[in-house]
Amino acid sequence: MAEHTTKFAPRTGGCYCGALRYAVSGRPLVKGQCHCRPCQQFAGGGPQYFELVAPDSFDWTHGTPASFALDDLENAVTRFFCATCGTQVLTRRQDQAALVLKVGTLDDPARFRPHVAICHGDAQAFHMVPDNIPVFDGLPPRG
């Protein structure tokens with residue numbers, strides 16, 4: 001079988017005000033939407049649309065993000081955001097190597113198509129999930 005050698009085009013993005021910029025050089029590992037309550041709060045009511053990306057494929061190209069993690073929560077995620085405009089760009093979970101990139105911060109998010117919906121047990125009635133993608137009430141099993 002022939003090896004797939006097509007190179008993935010790098011993508012860029014940043015925050016609302018432009019103080020933070022980044023580049024992603026690799027293919028997304030997973031494309032999805034998360035319906036958990038914290039994601040709803042950060043998104044202003046809807047699910048968060050995300051791509052999991054390998055840490056070695058992500059680089060901040062301009063600015064330095066601020067970060068936040070709840071100090072009273074075991075295994076709290078760290079959220080990276082713009083200290084000027086507040087745009088959340090990236091999340092790092094303690095239990096996984098991949099970074100959670102917020103799709104709305106991509107310069108061209110139009111190509112995004114979610115492949116999975118997670119934490120749907122917390123979804124609101126107005127949350128829409130595309131037909132024919134796997135839906136998990138919590139996190140999908142790892143394997």
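- For the atom pair Q88 CD and S67 OG, the distance stands at 11.5 Å (nearest 0.5 Å).
- Residue F42 holds its CZ atom at 6.5 Å from CZ of F68, rounded to the nearest 0.5 Å.
- Residue pairs meeting the side-chain hydrogen bond (donor to acceptor under 3.5 Å, both in side chains) criterion with at least one member in residues 42-55, sequence neighbours excluded, are R11-E51.
- Residues passing the side chain to side chain contact (heavy atoms under 4.5 Å, CB included) test with L139, sequence neighbours excluded: R93, I118, C119.
- Closest of all the heavy-atom pairs between F112 and G32 is CZ-O, 3.4 Å.
- Rounding to the nearest 0.5 angstrom, the gap separating the SG atom in C39 from the CZ atom in R79 is 5.5 Å.
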Side chain to side chain contact (heavy atoms under 4.5 Å, CB included) evaluation trace for L106 with L101
CA-CA 9 Å; L106 288 166; L101 177 65; 4.1 Å; yes

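- In this structure a side-chain-to-backbone donor-acceptor pair under 3.5 Å is missing from Q124 to G46.
- Every residue meeting the side chain to side chain contact (heavy atoms under 4.5 Å, CB included) condition with P55, not counting sequence neighbours, appears here in chain and number order: L99.
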Side chain to side chain contact (heavy atoms under 4.5 Å, CB included), that's the test. Do L20 and F80 meet it? Break it down for me.
CA-CA 10 Å; L20 287 179; F80 296 91; over 6 Å; no

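- A117 pairs by the side chain to side chain contact (heavy atoms under 4.5 Å, CB included) definition with Q33, H35, V129, I133, V135, not counting sequence neighbours.
- V77 and V103 are not part of a single hydrophobic cluster, where members link through side-chain heavy atoms under 4.5 Å apart.
- The side-chain heavy atoms of L52 and V100, taken from C-beta on, include a pair separated by under 4.5 Å.
- Taking SG from C34 and NE2 from H127, the interatomic distance works out to 10.0 Å, rounded to the nearest 0.5 Å.
- Under the 4.5 Å side-chain criterion, counting only non-hydrogen atoms from C-beta, F50 is not in contact with T91.
- Although no hydrogens or angles enter the test, the distance criterion places a donor-acceptor pair under 3.5 Å between the side chain of T87 and the main chain of Y16.
- Annotation: salt bridge (charged side-chain N to carboxylate O under 4.0 Å, His left out) contacts involving residues 105-126, sequence neighbours excluded, comprise R21-D107.
- Residues W60 and V89 form a side-chain contact, since some pair of their non-hydrogen atoms from C-beta on lies under 4.5 Å apart.
- Listed by chain and residue number, F81, A83 satisfy the side chain to side chain contact (heavy atoms under 4.5 Å, CB included) test with A66 (two or more places apart in sequence, or in another chain).
- Nearest heavy atom pair, residue Y22 against residue T61, reads N-OG1, 3.5 Å.
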